There are 2 protein chains.
Amino acid sequence: MVGNLSALRDPESTRVALMTAATELFAQRGFSGARTEEIARRAGVNKAMISYHFGGKAGLYETILVSSLTHITERLRALVASNLPPDRLLSALLAALVELHRARPALSAMMLREAMSGGAHLSDAALPHFVKVFGMVREIVDRGVRSGIYRPVDPLLTHLTVLGSVLFFFATTPMRERLFREGRLASARAPTPERFIEHLEDLLSRGLAADDPTRRTEP
Amino acid sequence: MVGNLSALRDPESTRVALMTAATELFAQRGFSGARTEEIARRAGVNKAMISYHFGGKAGLYETILVSSLTHITERLRALVASNLPPDRLLSALLAALVELHRARPALSAMMLREAMSGGAHLSDAALPHFVKVFGMVREIVDRGVRSGIYRPVDPLLTHLTVLGSVLFFFATTPMRERLFREGRLASARAPTPERFIEHLEDLLSRGLAADDPTRRTEP
DNA sequence: GTCTATAGGCTGATAGAC
DNA sequence: GTCTATCAGCCTATAGAC
């Protein structure tokens, strides 16, 4: 029998609600700027649940980041493992990034903030998860280069360009939305993720294309 | 006559020292994460000077952003005003960004953080300065398009790609430096701003080039 | 598991002397 | 202009009831 109304709530739903609300606030205000009271209020649960379920604000923060990075890594690993022709890998990567963004729009800003902090809020155990994503994207770019459809660009630099522009676009959405809402950028069309990714894909396919149309076979 | 040792310090140098130290801390830890006590200590001045010279932490923050944005806008305006041939404008823009980065390496992260906050720490008076930079870069890209050396790309989207990847690269330097220092990215060469910009310039000149080599004249 | 009430620490700001 | 000493407010964490 259910003893009271609050018992109707699944404990797991409390965790999820807290993580969802916290992601948005950490993204918008940073680790120090996010208030536990507001996280709890937005999640519709009690403030004390943060300590109970995550051991505190820092635990909640790291839990979000590690679980998200694990999810992203698995998603990208599936991409690399797929037998997609090399010239489709980049498109698939960008599509995956949009898809991941749709599921958690605030994650880009949260990750970007952490990168700018040099990983100051992460335990030693969490840092490798961060590195994995970097390696993953680089690997995908690298395959395109090795297959010969791309000119011999530096995989790390290319990775930084691609992931950087995408994360920047996603993470600065709040600012753009505000500027458009207030009519300060009225002259331009509001850019959607789709339009941006299409633009970037175009830019990359032209910018990375091998000079010589003759393609080497997979090594 | 100089009354005491502390009078040897130019009041302007106090302001500059505070702004320099604060830029680094705001960049690294965000507005809320930066501590006034630490800003003052790193600047080598007394904590109370923040209130005296800037009216408080928020005033110091906004002063830094507005003065930096003003400087950047003027630098870019000079670029647009110059009679550089359109096919050199982008190179000059990127060179200017590197130069600005050298003068204040922490500024990218501070601006990026503010953009992710949607301008929450800026007064209404400061927001237009932010918008101006966006318009400036877009204008430069636009000239390349209008002159016909670039294909008809969307100026705003191109602006976001260019500025986004550059700001991302600069702002995440702390994370990369840490990863290289700890040997977690040992496989790759540490990317310098020069190498990155060269890579980006290459990517853009190929990615933006007009399909038709016939160039239209300036309208 | 959840909630209320409270404690304890930290932080930004300033009054007032120099 | 600068410094010292102090304060008031805020914020996280938790003890203890349910």
Side-chain angles (χ1 to χ4, degrees), chain A residues 1-26 28-65 117 120-123, chain B residues 1-26 28-65 110 113 117 120-123:
Chain A
M1 269 316 230
V2 173
N4 57 34
L5 275 174
S6 62
L8 287 173
R9 157 154 280 165
D10 179 357
E12 185 59 22
S13 83
T14 298
R15 292 175 56 94
V16 171
L18 279 172
M19 289 172 71
T20 304
T23 303
E24 284 171 20
L25 283 166
F26 284 139
Q28 218 164 87
R29 317 207 179 146
F31 178 80
S32 305
R35 301 289 159 230
T36 55
E37 188 277 334
E38 190 173 2
I39 293 173
R41 180 156 39 81
R42 284 210 205 176
V45 308
N46 191 277
K47 202 174 60 155
M49 292 299 94
I50 294 175
S51 291
Y52 180 78
H53 285 287
F54 301 97
K57 186 186 186 178
L60 171 58
Y61 183 87
E62 180 159 317
T63 301
I64 292 171
L65 237 31
S117 299
H121 308 105
L122 297 179
S123 67
Chain B
M1 267 313 230
V2 173
N4 56 35
L5 275 173
S6 62
L8 287 173
R9 158 154 279 166
D10 178 359
E12 186 59 24
S13 83
T14 297
R15 292 176 56 94
V16 171
L18 279 172
M19 289 173 71
T20 304
T23 303
E24 284 171 22
L25 283 166
F26 283 140
Q28 219 164 85
R29 317 208 179 146
F31 178 79
S32 306
R35 302 287 158 230
T36 54
E37 188 277 333
E38 191 173 2
I39 293 173
R41 181 157 37 82
R42 286 211 204 174
V45 308
N46 191 278
K47 201 174 60 153
M49 292 299 95
I50 295 174
S51 291
Y52 180 79
H53 285 288
F54 302 97
K57 187 186 187 180
L60 172 57
Y61 183 87
E62 180 159 317
T63 302
I64 292 171
L65 237 30
M110 196 175 157
R113 281 196 133 103
S117 300
H121 309 106
L122 298 179
S123 66

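Everything quoted here is computed from the prediction, not taken from an experiment. Residue numbering restarts at 1 for every chain, and letters A, B, ... go by the order of the sequence lines.
- Whole-Å rounding puts the I39(A) CD1 to dA13(D) P distance at 10 Å.
- The nearest whole Å value for the distance from the CG atom in L18(B) to the C1' atom in dT2(D) is 12 Å.
- In this view, E62(B) and V66(B), L122(B), S123(B), A126(B) satisfy the side-chain contact (heavy atoms from CB on, under 4.5 Å) rule, not counting sequence neighbours.
- Annotation: side-chain contact (heavy atoms from CB on, under 4.5 Å) contacts of K47(A) (sequence neighbours excluded): T36(A), E37(A), A40(A).
- We find that CZ of R29(B) is positioned 15 Å from C1' of dC10(C), with the value rounded to whole Å.
- Residue contacts for A40(B): at a heavy-atom cut-off of 4.0 Å it reaches no nucleic acid atom on any strand shown.
- Summarising the geometry, the separation between NE2 on H53(A) and C1' on dG1(C) is reported as 6 Å, rounded to the nearest angstrom.
- Protein atom OH of Y61(B) is 14 Å distant from nucleotide atom P of dG12(C), rounded to whole Å.
- Residues meeting the side-chain contact (heavy atoms from CB on, under 4.5 Å) test with R29(B), sequence neighbours left out: L25(B), E38(B), R42(B).
- At whole-Å resolution of the value, CD in E37(B) and C1' in dC7(D) are 17 Å apart.
- Remark: R15(B) pairs with E12(B) by the salt bridge (Lys or Arg N to Asp or Glu O under 4.0 Å) rule, at least two apart or across chains.
- For the ring pair (Phe, Tyr, Trp, His ring centres under 6.0 Å) condition, the pairs that include at least one residue of residues 30-59 of chain A, sequence neighbours left out, are F26(A)-F31(A), F31(A)-Y61(A), F31(A)-H121(A).
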Check nucleotides 13-17 of chain C against the protein and report each pair of N or O atoms closer than 3.5 Å, with its distance, or say if there are none.
| from | atom 1 | to | atom 2 | distance (Å) |
| --- | --- | --- | --- | --- |
| dA13(C) | OP2 | K57(B) | N | 3.0 |
| dA13(C) | N6 | K47(B) | NZ | 2.8 |

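- Distances shorter than 4.0 Å separate some side-chain N or O of R35(A) from OP1 or OP2 on dT12(D).
- Between T20(A) and the choices T23(A), L18(A), V16(A), the side-chain contact (heavy atoms from CB on, under 4.5 Å) rule is met once, by V16(A).
- Whole-Å rounding puts the L25(A) CG to dC11(D) C1' distance at 15 Å.
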